[in-house]
K.L.:
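Dropping a structure here in C-alpha cells format, bear with me for questions.
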Amino acid sequence: MTDDVGLLLRRAGFGPTAAELTAARQAGYEATVSTLVAPFGPDIGASSAPIPALGLDPYAERPNPTSRQRTEADRIRKTQTDLITRWWLERMVVANHQAVEKLLFFWHGHWATSVTKVKSPQLMLAQHRTLRESRDIAETARRMVVDPALVYWLDGHLNTKEAPNENLGRELLELFLLGHGRYTERDVKEVGRALTGWRINLGSATSVLDRRKHDDGRKTILGSTEKFTATSVVNLLLSRIECVQFIASRLWFRYASSTLPIPERTSERMAGAFPAPMSMLRSLYTDEAFASTRGTMVKQPIEWLVGAMRQLELRPTRIPPETLTQLLDGLGGLGQRPFAPPSVGGWPAGATWLTSAGAQLRLSLAGKLASQLTPGRLTPEDVAYILCIDKWTDRTYAVLRDVRNARLLLTLGLVSPEYLVT
C-alpha cells in the first residue's frame, strides 16, 4: 500500500489545500482514507452552498406557448442554467467532504446527460439530486434508468411498444452497466422493449410510466426470459459479474489511471465491495497498484479550476461576477462545463486535455485567478506549498526561480506540468 497522502488527496478530491495536506500527513494514510470515504458529521462548507430552489420549469405552465412566451421561457431557462452551474462550482470549491463531491462529479460523467439537449434546468437539478441522494450503485442505476433528464437525453420518451427506440437500452448496456462487447444486438432490442412507455412530467420534474405504451410481453435478455421492466432489467444487469467488473474499471479509469489497465487483483478487491462506491474506492486507495499510478492522470478542466480556487482561497460567489463568467466561459472553451458533457460517453481523459490551444486558454484563466489575489513576495517553494506540489522538476524551477512578480509566479505554477499531471 502506498503512503503517498498527496496522491491520495489529489485523486480522491479536487485538490487539497496546504492545511488539509499537512493535517493528512500528520494523521497518516490509513486514517486519511477512512476520513475520505466515510466522513463524519455534517459538511459545514457544503451547507453554505445549499441546492438552489428553481420553482417550476417555465414551459410546465405553457404547454402551447406563443412566440413571445417561448422567448421569455428560454430566457428564464438560460438564467436558471447559469444559476445551477455557478452553484455547483461553488459547492465543489467549499465542500469539506471532498470525496463526496468528487464522486458526484464522477457519476455525472458516467451517467452523462447534458442540459444543451435537455434544456430544462429543473430536470438537470432533479438528476443531480438523484445522484447525490442514492445510497449505492444499485439504487443509482434503478433511479437513473427512469430519470427524466436521462430519458429525454437518450430519446426514451419516444420509446413505445409500437415504435421501439433503442438509444437508452443500448447505452444502459454499453456505457452505464456492462461495457462494450458484453451483450448482443438482440439484447439491445429486448432491453429497449423493457424500457418502453416512460413519459416526462415537466411540472413535477419526474418520469411516469404510461402502461398503454409499455411492452409488457416476455423478453429474453442475456439468456434470461421474463416480462422485464425498467427495474427488473437493471436488477438483472446488476447481478452480472460483468457489471461489477465494468464499474470497477470505470472507477479505476477516473481515479487511478486513464492509461494503465486495472490489474485483475485490484478489480477483484474492488468487486468485493460492490455496490458501495465509497467502499470500492477504499479498496482502490489501499491497493498496492494505486501507488504505481502516480503521474498517469491529467486533471480535467473542472478539477483544475476547482482545485486552484480551493488552494488560492477563492470562493466563486466572492469574486466579481464578470470574472466568474469569464472563468466559466473558459471552462467551456477547454471543453468541460458542469451539466454539459459533450456526449453520452462523457468527457475525455488524459492527454486529450493537453492541447496547445488549451494551454493558452488555461494560462489566461490562471492569470485571472491570480489577479484576484494581493500576495506578498513569493518564492517557487512558497508556490509549491500553496499548490500542494511535492517538488518542481529542474526544468520548471529554472523558469520560476527568476520570476519576481508573485501573481505571475502563481499563474505559471497553475499551468505547470507538476500541477496538471498527478
K.L.:
Taking the side chain as every heavy atom from C-beta outward, state whether P121 and L83 have any atom pair closer than 4.5 Å.
P.N.:
no
K.L.:
When you measure from the side chain of T140 to the backbone of D136, do you find a donor-acceptor pair of N or O atoms at a distance under 3.5 Å?
P.N.:
yes
K.L.:
Could you tell me the separation between the CD atom of Q326 and the CG atom of L324, rounded to the nearest 0.5 Å?
P.N.:
9.5 Å
K.L.:
Over all heavy atoms of both residues, which pair between S416 and G413 is shortest? Give the atoms and the distance, please.
P.N.:
OG-O, 2.8 Å
K.L.:
Do D4 and F290 come close enough that some side-chain heavy atom pair is under 4.5 Å?
P.N.:
no
K.L.:
Does any non-hydrogen side-chain atom of I84 lie less than 4.5 Å from one of L54?
P.N.:
yes
K.L.:
Check A248 against I262 and note the closest heavy-atom contact, atom names and distance.
P.N.:
O-CD1, 3.8 Å
K.L.:
Can you confirm whether the side chains of Y152 and D147 place a donor and an acceptor under 3.5 Å from each other?
P.N.:
no
K.L.:
First locate atom CZ of R337, then atom OG of S114, and finally report the distance between them rounded to the nearest 0.5 Å.
P.N.:
10.5 Å
K.L.:
What I'd like to find out is whether the side chain of F339 reaches to under 4.5 Å of the side chain of T81, using heavy atoms alone.
P.N.:
no
K.L.:
For P148, is there any backbone N or O sitting under 3.5 Å from a side-chain donor or acceptor partner on W198?
P.N.:
no
K.L.:
Do you see a donor-acceptor pair shorter than 3.5 Å between the side chains of T293 and T296?
P.N.:
no
K.L.:
So, taking the atom named CZ in F246 and the one named CG in L237, what distance separates them when rounded to the nearest 0.5 Å?
P.N.:
11.5 Å
K.L.:
Is any side-chain heavy atom of L9 closer than 4.5 Å to one of L36?
P.N.:
yes
K.L.:
For the SG atom of C388 and the CD atom of E418, what is their distance to the nearest 0.5 Å?
P.N.:
14.0 Å
K.L.:
Looking only at heavy atoms, what is the nearest atom pair of C243 and L178, with distance?
P.N.:
N-CD2, 3.8 Å
K.L.:
Check this for me, if you would: do D287 and R265 make a salt bridge, where the nitrogen-to-carboxylate-oxygen distance has to be below 4.0 angstrom?
P.N.:
yes
K.L.:
Which class fits the ring pair F105 and W88: parallel under 30°, tilted 30 to 60°, perpendicular over 60°?
P.N.:
perpendicular
K.L.:
Indicate yes or no for a side-chain donor-acceptor contact from K368 to the backbone of L327 under 3.5 Å, with no hydrogens or angles considered.
P.N.:
no
K.L.:
Are the charged groups of E190 and R193 less than 4.0 angstrom apart, N to O?
P.N.:
yes
K.L.:
Check whether any side-chain heavy atom of P316 sits under 4.5 Å from a side-chain heavy atom of V93, and report yes or no.
P.N.:
yes
K.L.:
Please report the C-alpha distance between M309 and I319 in whole Å, then the side-chain angles of each, then the deciding distance to 0.1 Å, and finally whether the side chain to side chain contact (heavy atoms under 4.5 Å, CB included) criterion is met.
P.N.:
CA-CA 11 Å; M309 296 190 81; I319 63 177; 4.1 Å; yes
K.L.:
Determine whether R269 and T286 satisfy the following criterion, side chain to side chain contact (heavy atoms under 4.5 Å, CB included), listing intermediate values before the conclusion.
P.N.:
CA-CA 10 Å; R269 289 192 68 212; T286 56; 3.3 Å; yes
K.L.:
Is there a donor-acceptor pair under 3.5 Å between the side chain of W353 and the backbone N or O of L420?
P.N.:
no
K.L.:
Run the salt-bridge test on R170 and E174 with the 4.0 Å N-O cut-off and return the result as yes or no.
P.N.:
no
K.L.:
Parallel, tilted or perpendicular: which fits the ring planes of Y183 and H180, with parallel below 30° and perpendicular above 60°?
P.N.:
perpendicular
K.L.:
Of the non-hydrogen atoms in A308 and L369, which two are nearest, and what is the gap between them?
P.N.:
CB-CD1, 3.8 Å
K.L.:
Check step by step if salt bridge (Lys or Arg N to Asp or Glu O under 4.0 Å) holds for E303 and R10.
P.N.:
CA-CA 9 Å; E303 292 175 324; R10 284 189 286 272; over 6 Å; no
K.L.:
Is the backbone N or O of P16 less than 3.5 Å from a side-chain atom of Q98, with the two atoms forming a donor-acceptor pair by type?
P.N.:
no
K.L.:
What do you reckon, is CG of D394 surrounded by more than 12 foreign heavy atoms closer than 6.0 Å?
P.N.:
no
K.L.:
Are Q80 and Q122 linked by a side-chain donor-acceptor pair shorter than 3.5 Å?
P.N.:
yes
K.L.:
How many angstroms lie between atom CH2 of W347 and atom CZ of R254, to the nearest 0.5 angstrom?
P.N.:
9.0 Å
K.L.:
Pick out which of N159, L209, L195 makes a side-chain contact (heavy atoms from CB on, under 4.5 Å) with H214.
P.N.:
L209
K.L.:
Does T422 offer a backbone N or O that forms a donor-acceptor pair with the side chain of R294 under 3.5 Å?
P.N.:
no
K.L.:
Do I51 and R132 have side-chain heavy atoms sitting under 4.5 Å apart?
P.N.:
yes
K.L.:
Closest heavy-atom contact between F228 and I221?
P.N.:
CD1-CD1, 3.6 Å
K.L.:
Is the closest side-chain donor-acceptor distance between R86 and T325 under 3.5 Å?
P.N.:
yes
K.L.:
Starting from the C-alpha separation in whole Å, work towards a yes-or-no answer on side-chain hydrogen bond (donor to acceptor under 3.5 Å, both in side chains) for D187 and T184.
P.N.:
CA-CA 5 Å; D187 293 323; T184 68; 3.1 Å; yes
K.L.:
Which distance, rounded to the nearest 0.5 Å, do you find between the OG1 of T32 and the CD of Q26?
P.N.:
10.0 Å
K.L.:
State whether R401 and E381 are salt-bridged, where the test is any N-O pair (Lys NZ or Arg NE/NH1/NH2 against Asp/Glu carboxylate O) under 4.0 Å.
P.N.:
no
K.L.:
Tell me if the NZ atom of K117 is crowded by more than 12 foreign heavy atoms within 6.0 Å.
P.N.:
yes
K.L.:
Looking at L236, is its backbone amide N or carbonyl O close enough to the side chain of S239 to form a donor-acceptor pair, meaning the two atoms are under 3.5 Å apart?
P.N.:
yes
K.L.:
Counting only heavy atoms from other residues, nucleotides and ligands, does the tally under 6.0 Å from CD of E322 exceed 12?
P.N.:
yes
K.L.:
At their closest point, which heavy atom of L150 faces which heavy atom of M144, and how far apart are they?
P.N.:
CD2-O, 3.2 Å
K.L.:
Could you walk me through whether R240 and R182 satisfy the side chain to side chain contact (heavy atoms under 4.5 Å, CB included) test, starting with their C-alpha distance in whole Å, then the side-chain angles of each, then the deciding distance to 0.1 Å, before giving a yes or no?
P.N.:
CA-CA 10 Å; R240 306 280 295 195; R182 292 172 165 174; over 6 Å; no
K.L.:
Hey, does the side chain of H108 reach the backbone of H128 with a donor-acceptor pair shorter than 3.5 angstrom?
P.N.:
no
K.L.:
Would T85 and D82 count as having a side-chain donor-acceptor pair, cut-off 3.5 Å?
P.N.:
no
K.L.:
Is it true that a side-chain atom of R407 and a backbone atom of L373 form a donor plus acceptor pair closer than 3.5 Å?
P.N.:
yes
K.L.:
Quick one: does any side-chain atom of S292 pair with a main-chain N or O of E288 as donor and acceptor, under 3.5 Å?
P.N.:
no
K.L.:
Just so I know, are the side chains of Q127 and R143 near enough to count as touching, which here means a heavy-atom distance under 4.5 Å?
P.N.:
no
K.L.:
Between Y29 and L7, does a side chain to side chain contact (heavy atoms under 4.5 Å, CB included) hold up when you go through it step by step?
P.N.:
CA-CA 10 Å; Y29 194 89; L7 174 67; over 6 Å; no
K.L.:
When you compare the side chains of D155 and N167, does any donor N or O come within less than 3.5 Å of an acceptor on the partner?
P.N.:
yes
K.L.:
Side-chain donor-acceptor pair under 3.5 Å between S34 and R282, yes or no?
P.N.:
yes
